[in-house]
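Encoded as structure tokens, the structure appears first; notes follow it.
To find a chain, count down the sequence lines: A is the first, B the second, and so on, and within it residues start at 1. Hydrogens, waters and symmetry mates are skipped; everything else that's a heavy atom, side chains included, is used.
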4 protein chains.
Amino acid sequence: MSKKDTLVKTAARLFAAQGFDATTTIQIAREARITEPLIYYHFKGKEDLFLHILEKGSDGYLSRMKTLGEGGPVQFKRIEKLITLHFDIVRDMPDETYLIASACPARLRDEGDVCARIAETQRKFLTSYLRDCLKKGMASGEFWKVPVEPTVNVLIALINGLIRQRCLRLEQVRGMKKATIEFCRRSLCKP
Amino acid sequence: MSKKDTLVKTAARLFAAQGFDATTTIQIAREARITEPLIYYHFKGKEDLFLHILEKGSDGYLSRMKTLGEGGPVQFKRIEKLITLHFDIVRDMPDETYLIASACPARLRDEGDVCARIAETQRKFLTSYLRDCLKKGMASGEFWKVPVEPTVNVLIALINGLIRQRCLRLEQVRGMKKATIEFCRRSLCKP
Amino acid sequence: MSKKDTLVKTAARLFAAQGFDATTTIQIAREARITEPLIYYHFKGKEDLFLHILEKGSDGYLSRMKTLGEGGPVQFKRIEKLITLHFDIVRDMPDETYLIASACPARLRDEGDVCARIAETQRKFLTSYLRDCLKKGMASGEFWKVPVEPTVNVLIALINGLIRQRCLRLEQVRGMKKATIEFCRRSLCKP
Amino acid sequence: MSKKDTLVKTAARLFAAQGFDATTTIQIAREARITEPLIYYHFKGKEDLFLHILEKGSDGYLSRMKTLGEGGPVQFKRIEKLITLHFDIVRDMPDETYLIASACPARLRDEGDVCARIAETQRKFLTSYLRDCLKKGMASGEFWKVPVEPTVNVLIALINGLIRQRCLRLEQVRGMKKATIEFCRRSLCKP
DNA sequence: GATGAATGAGTGTTCATTCAT
DNA sequence: TATGAATGAACACTCATTCAT
């Protein structure tokens, strides 16, 4: 692995674990076994490095989201795939996913901020995906009649709650993926 | 309101909005219209002020949790009350609730840290409360048979996801409380 | 003992043990079991308190010096009394004596400084006292012929060295007073 | 001279002149014509810089002490060399020597403190050296019979008193070295 | 690509001191 | 006499960043 890659990975790990402000450039350099100025050779600065990680993470997240496709007649299958995919993403890139899901209010409210843009993109994707599923499922009689927007948001909250929970690796209960899917299935699908 | 109270409220707002590290003592002082040393007259330091807010918040959260009681034969009523209460708590003390729900991984993994202790206390309470509801509800035939521990964790993830979502005040969709309750009811209760 | 007296005694002890700068007003207040503003009721400030202690100490030192008188035909008796008196003074008011003997170079070089004035007073007294003894002793044949000024300074260095040594209470060797006197007697007096 | 060397020399001068607590990092930086953070690039902090100076000073002092050797049949020659060497050391490194000889009681009583360790090392060396001289000199009939330990301490007090006196550069009397040696010779040696 | 030395701007914190009571 | 609350000025120290090589 190149020094640059080590740098980026180390920084991602530290940013995720401690937050942007609590992570110092000297700490990143030491843990990546490089010297501080090298950070500035590869990136404009600490903020730039952070944004690079965030954007790469967001790209990875979205490109995997796009593999979901438009598809299929059974709407709950689509929701199931969405949930499954999130469990996979968290497993494959926990630091980046955590960073996307954990920006602080101040950054999220600042429309110019990259964090806000990324969180907004994720939210928009999830919203339109889930809205589509719900509407089609309700239209075809697969789902119960539910208020669309609030229910979409409940599902997004659930997904984000699970992302945080799994990234923290605190409650390592087995069977979470299945339980989540079944929890949603019973709530949404008619028998 | 005394200067100390203003100080604590301002600090809570800023810590919640920006995070602990991004909030400086001089900023707290300015926004609370006091001078910096007064922080150190009332608290041992920035960390101590932060922990004071956290502990007070945790106390408030838990004391409201305890009002739920052991209560009632209908288990879903209890879950409904739990959800309702969280919506109320977030409305009444959004900063404190957000802080409790948003500690960074490094602090949560450090067992000696107050954040970890508080998050653990919250999690333990929710776990035992929900576990009790589920078990009793399943035993009485009120609920479907579900795997207890995973489902408890799904519900906790949902609650924490909602806390974050509402504290961020980003997706101000109406009808969230009702949608959440109905989402859970359809998932758990037999028709 | 009045609060003021406790304050002064405590301050003297702390100043002597830690130095002026390392001793804080809050520490003085706490150890004297009073509150900080009371210091400012009795004294203009920390510096004023320090100078009060120093001047009182100097007064005490000088008034005891003056008990030595002009006196007697045997000059070594006078030197012996001087040495004995210093041992007594150190025993009776170790903090004050230490403070007089331990001012830092910067203060001693600053002619306006009280420390400089007090040290100068002490030095002048010792110089003229010892010079007188040596001259008379040499004139009468009691002492060997020695160069006056250098020898006076050797004696002063010895006295100040002993003051420091005893105030630090590190080398608690018995028989120091007698050894000092005999050391000087053998050096000065003809057999 | 490198910036680091200038820094160390300037700091030594200021610490010696004003004491550790009265010397600020900004003052050191200004007088050394460097910026404050450079202190922290080369040393862990102000205390670390101070201890570095102290240890270097102690090393220099002790290495010169060790040049005295075990040496020679005439014991007073050895004492004379010891006194001469101290005059030379004070002339060559007055700041460091003063710092070694002027630690405050609080530091000297704290066994963990570097100042205490260094002062103890100096004292032990002088004690054993002088004790050896006195014993041998008394055994061979070169010296009068004197109580060893107290007399050793008188000599140490005299040496330390002279160090302070000369470092303060207040009483610039000529002929001090010779007067000191002759003072001791008359006191110790039989005619 | 890589680094040792260096810095401007700012941080949390402490201090002697004052004020209102 | 006595104090709880408050502050201006300064402190040691750290940070992200740059420069010369």
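- As a whole-Å value, the separation of H42(B) NE2 from dT14(E) P is 16 Å.
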* Stepwise side-chain hydrogen bond (donor to acceptor under 3.5 Å, both in side chains) check, T10(A) with E31(A) -> CA-CA 7 Å; T10(A) 307; E31(A) 300 217 2; over 6 Å; no
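- Think of the region where chain C sits on DNA chain F: with heavy atoms and a 4.0 Å cut, that region ends 5' and 3' at dT1(F) to dG4(F).
- Taking atom CZ on R30(C) and atom P on dA16(E), their separation rounds to 12 Å, with Å as the unit.
- Along DNA chain E, the nucleotide nearest to E47(B) and the one nearest to I34(D) differ in position, and the one closer to the 5' end is contacted by I34(D).
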* Taking it one step at a time, do Y61(D) and Q122(D) satisfy side-chain hydrogen bond (donor to acceptor under 3.5 Å, both in side chains)? -> CA-CA 8 Å; Y61(D) 176 85; Q122(D) 182 215 18; 3.3 Å; yes
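- Among the heavy atoms of the strands, none lies under 4.0 Å from K4(D).
- The minimum heavy-atom distance linking A119(A) with L108(A) is given by the pair CB-CD2, 3.6 Å.
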* **Secondary structure of DNA chain F in dot-bracket form (Watson-Crick or G-U wobble, distances below 3.5 Å, | marking inter-strand pairs)** => .||||||||||||||||||||
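- Remark: the E36(D) side chain and the T25(D) side chain contain an N/O donor-acceptor pair separated by less than 3.5 Å.
- Among all heavy-atom pairs drawn from I28(C) and A11(C), the shortest one is CG2-CB, 4.1 Å.
- Annotation: side-chain contact (heavy atoms from CB on, under 4.5 Å) contacts of S63(C) (sequence neighbours excluded): none.
- Across every non-hydrogen atom of K3(A) and I34(A), the tightest pair is CD-CG2, 4.0 Å.
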Could you go over nucleotides 8-12 of chain E and give all protein N or O partners under 3.5 Å, atom names and distances?
| unit_1 | atom_1 | unit_2 | atom_2 | d |
| --- | --- | --- | --- | --- |
| dG12(E) | OP1 | T23(B) | O | 3.4 |
| dG12(E) | OP1 | K46(B) | NZ | 2.8 |
| dG12(E) | OP2 | T25(B) | N | 2.8 |
| dG12(E) | OP2 | T25(B) | OG1 | 2.8 |

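- In this structure C115(D) satisfies the side-chain contact (heavy atoms from CB on, under 4.5 Å) test together with F50(D), L54(D), A103(D), R107(D), D113(D), sequence neighbours excluded.
- K4(A) contributes atom NZ, which lies 4.5 Å from atom CZ of F43(A) (distance to the nearest 0.5 angstrom).
- Among residue pairs with one or both ends in residues 49-60 of chain A, those qualifying as side chain to side chain donor-acceptor pair (under 3.5 Å) are E55(A)-R117(A); sequence neighbours excluded.
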